[in-house]
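Report on one structure; see the data block that follows.
All figures in this text were calculated on a predicted structure; none of them were measured in a lab.
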Amino acid sequence: MKDLQFKRHRRLRRTESMRALVRETHLRTDDLIYPIFVVEGQDIKNPVASMPGVHQVSLDHLTAEMEELVTRGIRSVIVFGVPAHKDEVGSEAYHEEGIVQRAIRQIKEEVPSLTVIADTCLCQYTDHGHCGIVRDGDIANDESLTYITQTAVTQAEAGADIIAPSNMMDGFVAAIRRGLDEAGFSHIPVMSYAVKFASAFYGPFRDAAHSSPQFGDRRAYQMDPSNRLEALREAESDVEEGADFLIVKPALAYLDIMREVKDRYNLPVVAYNVSGEYSMIKAAAQNGWVNEKEIVLEKLTAMKRAGADLIITYFAKDAADWLKEDQS
């Protein structure tokens, strides 16, 4: 053994303090964005059966929810709406008194320290459940842009700090950027769902947002999970059209895509840790099969390591508590 030559990598792993000293990737509470589902009505706090710990809340419970986030050190939320009325053009999405618009105004008035991101899509508001306008059984791309842009403008008028379009129509960033600029909101950034795959990981979200398509699926506008180069083309188009952030959704199964997006484009990259990724861990933890804290923090750190600057996650509350524990 005395003639054996090798490198001693373990020198930097001997103690916890040594490991912390040389740690390359850091997960912070400031990195986390919490999704909230707001619904019409009074005194509603409905648990989402497929997403333990997640609720739909009415506006009278919203401020308490937001204050709870602030006490944990979470600074950002993304707002999804569940309207009482749906129609073929999703008119409640862009109504000035729509559920998301009212929620945004309330948050900005009562918890102004939070950064409010508005999810901008039609699927929760259309009676057919698709992200655009349906004409003769197809999604009419260019007509849909008109309604999506109107939605973005009313959300900005309500006080949204960031517009996050998730519809995957071609040209949606260009249309929204022009619409915001012409309406006097050139200062409002666009957080584009630039790379959004047609994924089986979205199932529980549709439970929470009541947004399942009533016919067909979304594969004609969301991306084929097999495609890598197409994802880079999508991101490139959104950069050229004026996006300020790039979301990769889902996160966990597409860390390779996230890394490539981060390496190619000098914009903040956002990982969406989606509902299926959340629910699987919650179910396994409830059965005692995994250590929830350790697996969640490992997973979120992997997203940061892959290039994410920010993470949209239903684990934000738990993760914030765990990070605080580890620092104390």
Side-chain angles (χ1 to χ4, degrees), residues 33 35-41 56-60 62-63 66 76-112 114-134 139-193 209-211 238 241-245 247 312:
I33 300 168
I36 187 80
F37 298 95
V38 290
V39 298
E40 304 279 3
Q56 299 170 329
V57 298
S58 51
L59 296 181
D60 52 319
L62 181 60
T63 298
M66 298 300 99
S76 305
V77 294
I78 182 165
V79 182
F80 296 90
V82 183
H85 168 74
K86 301 188 180 196
D87 56 36
E88 65 177 3
V89 295
S91 58
E92 286 296 306
Y94 47 87
H95 196 289
E96 292 179 358
E97 292 300 319
I99 184 64
V100 163
Q101 286 79 358
R102 283 183 284 146
I104 292 168
R105 284 196 292 270
Q106 181 174 323
I107 296 170
K108 295 309 295 183
E109 288 171 6
E110 299 186 9
V111 195
L114 283 172
T115 295
V116 179
I117 305 163
D119 179 79
T120 307
C121 196
L122 301 181
C123 62
Q124 297 107 283
Y125 307 91
T126 55
D127 53 15
H128 47 74
H130 280 284
C131 302
I133 306 305
V134 176
I139 311 301
N141 190 94
D142 295 7
E143 183 180 357
S144 298
L145 295 179
T146 299
Y147 295 100
I148 292 163
T149 300
Q150 290 176 11
T151 301
V153 170
T154 60
Q155 291 171 338
E157 289 172 343
D161 297 295
I162 300 172
I163 299 299
S166 58
N167 54 89
M168 286 299 283
M169 297 296 112
D170 289 337
F172 69 106
V173 173
I176 288 172
R177 184 71 272 159
R178 177 187 288 183
L180 290 173
D181 292 351
E182 290 179 351
F185 296 104
S186 59
H187 61 290
I188 299 295
V190 174
M191 180 182 283
S192 170
Y193 285 70
H210 298 172
S211 61
D238 287 5
E241 292 173 19
D244 300 283
F245 302 80
I247 298 177
I312 301 171

Is there a side-chain contact (heavy atoms from CB on, under 4.5 Å) between Val82 and Gln124? Walk through the geometry before answering.
CA-CA 6 Å; Val82 183; Gln124 297 107 283; 5.7 Å; no

Check the pair Glu88 / Thr126 against side-chain hydrogen bond (donor to acceptor under 3.5 Å, both in side chains), numbers first and verdict last.
CA-CA 5 Å; Glu88 65 177 3; Thr126 55; over 6 Å; no

Working note: Phe80 + Val100, criterion side-chain contact (heavy atoms from CB on, under 4.5 Å); need CA distance, chi angles, decisive distance, verdict.
CA-CA 7 Å; Phe80 296 90; Val100 163; 5.9 Å; no

So, do [X] and [Y] sit near enough that their side-chain heavy atoms are less than 4.5 Å apart?
| X | Y | answer |
| --- | --- | --- |
| Ile312 | Pro35 | yes |
| Val57 | Phe37 | no |
| Thr151 | Ile176 | no |
| Ile117 | Val77 | no |
| Val89 | Tyr125 | no |
| Ile36 | Met66 | yes |

State the [atom1]-[atom2] distance between [X] and [Y], to the nearest 0.5 angstrom.
| X | Y | atom1 | atom2 | answer |
| --- | --- | --- | --- | --- |
| Gln150 | Thr120 | CD | OG1 | 12.5 Å |
| Ser192 | Phe172 | OG | CZ | 3.5 Å |
| Glu157 | Leu180 | CD | CG | 9.5 Å |
| Tyr94 | Leu122 | OH | CG | 8.0 Å |
| Ile107 | Thr115 | CD1 | OG1 | 11.0 Å |

For Met191, does its backbone N or O pair with a side-chain atom of Asp244 as donor and acceptor, under 3.5 Å?
no

Does Leu145 offer a backbone N or O that forms a donor-acceptor pair with the side chain of Asn141 under 3.5 Å?
no

Which heavy atom of [X] sits nearest a heavy atom of [Y], and at what distance?
| X | Y | answer |
| --- | --- | --- |
| Arg177 | Ile188 | NH1-O, 2.8 Å |
| Ala156 | Ile163 | N-CD1, 4.1 Å |
| Ala103 | Val79 | CB-CG1, 4.2 Å |
| Val153 | Ala183 | CG1-CB, 3.8 Å |
| Gly81 | Ile99 | CA-CG2, 3.8 Å |
| Leu114 | Ser76 | CD2-N, 4.0 Å |

Which pairs count as side chain to side chain donor-acceptor pair (under 3.5 Å) when at least one residue sits in residues 166-176, sequence neighbours excluded?
Asp119-Ser166

Any pair counted as side chain to side chain donor-acceptor pair (under 3.5 Å), so long as it reaches residues 96-111, sequence neighbours left out
Glu40-Arg102, Thr63-Gln106, Thr63-Glu110, Glu97-Arg105, Gln101-Thr154, Lys108-Asp161

